[in-house]
Amino acid sequence: MDGKPVRESVSTYSELALPTDANMLGHLLGGKVMHLVDLAGALAALRHARSPVVTASVDYMNFLHPVRIGELVVLYSSVNRVFRTSMEVGVKVFVENMITGETRHTSSAYLTFVAIGKDGQRITIPPAIPETDEEKRRFENAGERRTYRLSMKQKAKS
Ligand SMILES: CC(C)(COP(=O)(O)OP(=O)(O)OC[C@H]1O[C@@H](n2cnc3c(N)ncnc32)[C@H](O)[C@@H]1OP(=O)(O)O)[C@@H](O)C(=O)NCCC(=O)NCCS
């Protein structure tokens with residue numbers, strides 16, 4: 001199966017933080033950010049696999065700064081590495097103040113998506129080929145994260 005460059009999966013997703021998604025302090029709900037991370041991750045996974053995908057897991061997430069209502073949440077995603085029927089996608093979340101133009105990094109997350117074929121069965125995904133130094137670094141680190149992730153899944157089962 002021919003591989004595809006990582007750059008073809010690179011995706012951006014933006015959404016304005018609205019009052020309907022505010023917590024009691026007037027900041028964006030963490031759960032809303034998690035929803036956007038899942039969507040942004042799915043975009044990169046879909047772009048790479050060109051087949052339906054399901055979220056198998058989301059690694060831990062930190063929220064470094066609150067997002068104020070009226071700010072723009074901008075999410076960048078790309079495939080880090082394909083294993084067989086699953087792939088790791090990295091998502092970086094930034095927030096832009098629309099008045100000052102200031103941006104800040106607020107969260108990062110790694111998600112695993114599994115590709116599903118027409119008959120509902122898992123399918124093999126084309127390899128993602130890292131080209132830049134950063135893509136190569138992410139590719140290497142994704143292997144270590146997968147080992148940890150699957151060991152945690154095993155622990156949770158037993
Ligand atoms: C994700 C899912 C397809 C995995 O199915 P499964 O029967 O456990 O299949 P397997 O154990 O053979 O795993 C399939 C692949 O997913 C990977 N995988 C499974 N669970 C994983 C997890 N928790 N984290 C990371 N990867 C995982 C496996 O390593 C394997 O990858 P590979 O083919 O690249 O080696 C299945 O659990 C599922 O459909 N879950 C619901 C998905 C969903 O609805 N998500 C939306 C949120 S509710």
Side-chain angles (χ1 to χ4, degrees), residues 1-18 20-23 27-64 66-67 72-95 105-158:
M1 187 183 264
D2 288 341
K4 294 173 168 182
V6 165
R7 69 183 134 79
E8 288 185 17
S9 71
V10 171
S11 303
T12 311
Y13 191 79
S14 309
E15 194 172 308
L16 205 60
L18 294 175
T20 44
D21 295 314
N23 65 18
H27 298 141
L28 193 64
L29 288 162
K32 176 68 185 185
V33 178
M34 289 158 75
H35 173 66
L36 294 175
V37 164
D38 191 32
L39 286 179
L43 284 185
L46 288 166
R47 267 206 177 119
H48 181 78
R50 295 294 177 196
S51 71
V53 294
V54 293
T55 313
S57 69
V58 182
D59 294 6
Y60 75 90
M61 271 186 75
N62 289 317
F63 299 97
L64 304 174
V67 179
L72 188 69
V73 186
V74 185
L75 303 100
Y76 300 97
S77 58
S78 57
V79 172
N80 288 339
R81 182 162 176 170
V82 170
F83 300 103
R84 197 177 68 80
T85 64
S86 70
M87 65 195 126
E88 183 192 277
V89 173
V91 180
K92 266 191 164 180
V93 186
F94 289 83
V95 172
H105 174 222
T106 185
S107 292
S108 292
Y110 299 106
L111 299 88
T112 301
F113 291 93
V114 173
I116 306 292
K118 288 195 177 77
D119 58 0
Q121 297 300 308
R122 300 184 296 278
I123 54 169
T124 305
I125 305 167
I129 303 163
E131 294 171 317
T132 66
D133 286 348
E134 184 154 33
E135 288 169 1
K136 287 175 188 164
R137 179 184 57 77
R138 288 175 181 156
F139 180 95
E140 288 305 324
N141 294 345
E144 291 165 25
R145 282 189 292 266
R146 171 180 161 92
T147 305
Y148 178 73
R149 211 174 273 140
L150 295 183
S151 74
M152 293 307 285
K153 184 183 177 185
Q154 202 53 42
K155 264 193 192 158
K157 263 190 186 170
S158 55

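One-based numbering, in listed order, for ligands and for the atoms of each.
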By the definition side-chain contact (heavy atoms from CB on, under 4.5 Å), identify the one residue from Arg146, Arg145, Glu144, Met152 that meets it with Tyr148.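 When side-chain contact (heavy atoms from CB on, under 4.5 Å) is applied between Tyr148 and each of Arg146, Arg145, Glu144, Met152, only Met152 qualifies.
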
Show the nearest heavy-atom pair for residues [X] and [Y], with the distance to one decimal.
X: Arg47; Y: Glu8; result: CD-O, 3.6 Å
X: Gly90; Y: Tyr110; result: CA-CD2, 4.1 Å
X: Phe94; Y: Lys92; result: CE1-CB, 3.9 Å

Is at least one protein non-hydrogen atom found at under 4.0 angstrom from [atom]?
atom: atom 19 (C) of ligand 1; result: yes
atom: atom 32 (P) of ligand 1; result: yes
atom: atom 44 (O) of ligand 1; result: no
atom: atom 1 (C) of ligand 1; result: yes
atom: atom 48 (S) of ligand 1; result: no
atom: atom 40 (N) of ligand 1; result: no
atom: atom 36 (C) of ligand 1; result: no

If you round to the nearest 0.5 Å, how far is [atom2] of [Y] from [atom1] of [X]?
X: Ile129; Y: Arg7; atom1: CD1; atom2: CZ; result: 9.0 Å
X: Leu28; Y: Glu15; atom1: CG; atom2: CD; result: 8.5 Å
X: Phe113; Y: Ser57; atom1: CZ; atom2: OG; result: 9.0 Å
X: Glu88; Y: Phe139; atom1: CD; atom2: CZ; result: 11.0 Å
X: Leu111; Y: Ser86; atom1: CG; atom2: OG; result: 12.5 Å

Show the atoms of ligand 1 that are less than 4.0 angstrom away from any heavy atom in [X].
X: Ser57; answer: 22 (C), 23 (N), 24 (N), 25 (C)
X: Arg122; answer: 5 (O), 6 (P), 7 (O), 9 (O), 12 (O), 14 (C)
X: Ala56; answer: 1 (C), 23 (N)
X: Arg149; answer: 24 (N), 25 (C)

Is it the case that ligand 1 has an N or O less than 3.5 angstrom from some N or O of Thr85?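 It does: an N or O of Thr85 is found under 3.5 Å from an N or O of ligand 1.
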
Taking both backbone and side-chain atoms of Ser86, is any N or O found less than 3.5 Å from an N or O belonging to ligand 1?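 Among all N and O atoms of Ser86, at least one is under 3.5 Å from an N or O of ligand 1.
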
Give the C-alpha distance, both sets of side-chain angles, the deciding distance and a yes or no for side chain to side chain contact (heavy atoms under 4.5 Å, CB included) between Val79 and Lys4. CA-CA 10 Å; Val79 172; Lys4 294 173 168 182; over 6 Å; no

Can you figure out which of Leu111, Val53, Thr55 has its heavy atom closest to atom 42 (C) of ligand 1?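 Nearest option to atom 42 (C) of ligand 1, by heavy atoms: Thr55.
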
Just to be sure I'm reading this right: ignoring hydrogens, which of Ile125, Val114, Leu150 gets closest to atom 16 (O) of ligand 1? Compare them by their nearest heavy atoms.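 Nearest option to atom 16 (O) of ligand 1, by heavy atoms: Val114.
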
Would you say Thr124 and Met1 make side-chain contact, with heavy atoms under 4.5 Å?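 Result yes, sub-4.5 Å side-chain heavy-atom pair found.
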
Identify the protein heavy atom lying closest to [atom], giving its residue, its atom name and the separation to 0.1 Å.
atom: atom 38 (C) of ligand 1; answer: Val54 CG2, 4.8 Å
atom: atom 11 (O) of ligand 1; answer: Lys153 NZ, 4.1 Å
atom: atom 26 (N) of ligand 1; answer: Thr112 CG2, 3.5 Å

When you measure from the heavy atoms of Arg146 to every atom of ligand 1, does any distance fall below 4.0 Å?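 Under 4.0 Å: yes for Arg146.
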
Please determine if Glu134 and Arg137 form a salt bridge, counting it only when a charged side-chain N lies under 4.0 Å from a carboxylate O.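 Salt bridge between Glu134 and Arg137, a charged N being under 4.0 Å from a carboxylate O: yes.
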
